[in-house]
Amino acid sequence: MPPLPEHFAGDPGPLGVDLHMHSTASDGALAPADVVALCAERGVTLMALTDHDTVAGVSEAAAAAKRLGVCLLPASELSTRWQGIGIHVVALLPQGAHGALAAGLDAQVEAREARAAVIAQRMEKLGLDNALTRAREQAGPHRPLGRPDFARALVAAGLVPDVATAFRKHLGSGKAGDVKAHWPALADVVGWVVAAGGVAVLAHPLRYGLTRRKRGQLLDDFAAAGGQAAELISGFQNADVTRDLARQLAERELYASLGSDFHFPGGHLAPGSMSPVPRTAVPPVWTHPRLAGFIADCDEPTAGAL
Ligand code: AMP
Ligand code: MN
Ligand code: MN
Ligand code: MN
């Protein structure tokens, strides 16, 4: 693996790092091994597979990563609740999911199921008969349901023209299908991650529609709960906004993570593609003591491999 920078020096080109991507273990289109293969093809050397509320894809991804010489951090993106808003936490898990976190992930599966039933009732009121069955048809039999499955069911039934409209009218923030009550509190989830030896990363802080001040409060509460990092870059974003976010992270001594939030090929996002990182004093998350050793071990030749 080429050496990763210890500091962000400002627009060094693609870093070959992507710590936020999805597979068929949640709402992504590619199997875990295929996400890894795409990363290898695109020059991503350090990656995390961050499926929603599960680590079910990690073992398949890890086997592929080993074969292809990619360093894969076990991870998940957990759904949480903070001040009535759904907030996502990326858990980077060099020691895997164990203890309270493993129990928490089991509970997330049940929470997703209970939540899907509530979303289904609300979609039925909007004219989608048998909403749960229709969402299940979209998801296939193997994974817990999410809002994208209801969005696709609404499109398939001809009630909306496309998924974007389904979210804008019925499933996005503040709409009937935006059900958050089942998720655990942000601080609890951060506690599970930290107790499992992991690094808790506040996912895409710019995508919750918060004012700068409210985002500061979120970062305060996240850091106070033991959260260690936030995504400075999530996909493509405005450079001035990024610099301002970097200041908010620096003030709280948070590390900076970055990721594409890749879900499917053919869209505007691909593994490893995202806005460049500006020059900033905020340290990259891969230099965090909890991750640095794991990443260094990725470079060690495996016994018997030579
Ligand atoms: P859930 O995990 O069930 O709450 O569903 C959230 C997921 O829906 C996100 O991770 C995205 O993949 C997807 N999503 C959220 N907003 C939109 C949108 N406006 N258009 C398309 N997909 C979206
Ligand atoms: Mn998603
Ligand atoms: Mn997210
Ligand atoms: Mn995501």
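One-based numbering, in listed order, for ligands and for the atoms of each. For this chain, numbers begin at 1 and follow the sequence in order. Note that this is a predicted model, so its numbers are computed, not measured.
Of the charged side-chain nitrogens involved, at least one lies within less than 4.0 Å of a carboxylate oxygen, so that Asp149 and Arg143 count as a salt-bridged pair.
Members clustered with Phe236: Leu269, by chain and number, using a 4.5 Å side-chain heavy-atom cutoff among hydrophobic residues.
Listed by chain and residue number, the protein N/O/S atoms under 2.8 Å of the Mn ion (ligand 3) are Glu77 OE2, His88 ND1, His204 NE2, with waters left out.
Here the angle at the Mn ion (ligand 2) defined by NE2 in His263 and OD1 in Asp27 stands at 80°, rounded to 10 degrees.
Applying the salt bridge (charged side-chain N to carboxylate O under 4.0 Å, His left out) rule to Arg279 yields no partners; only residues at least two apart in sequence or on another chain are considered. Residues passing the salt bridge (charged side-chain N to carboxylate O under 4.0 Å, His left out) test with Lys214: none are found, sequence neighbours excluded.
The Mn ion (ligand 4) has an N, O or S atom of His22 closer than 2.8 Å.
When Leu154, Leu159, Leu132, Asp129 are each tested for a side-chain contact (heavy atoms from CB on, under 4.5 Å) with Met123, only one passes: Leu154.
Inspection of the Gln237 and Ser275 side chains reveals no N or O donor paired with an N or O acceptor under 3.5 Å. Between Ser234 and Asp261, the side chains place no donor N or O within less than 3.5 Å of an acceptor N or O (distance only, hydrogens not considered).
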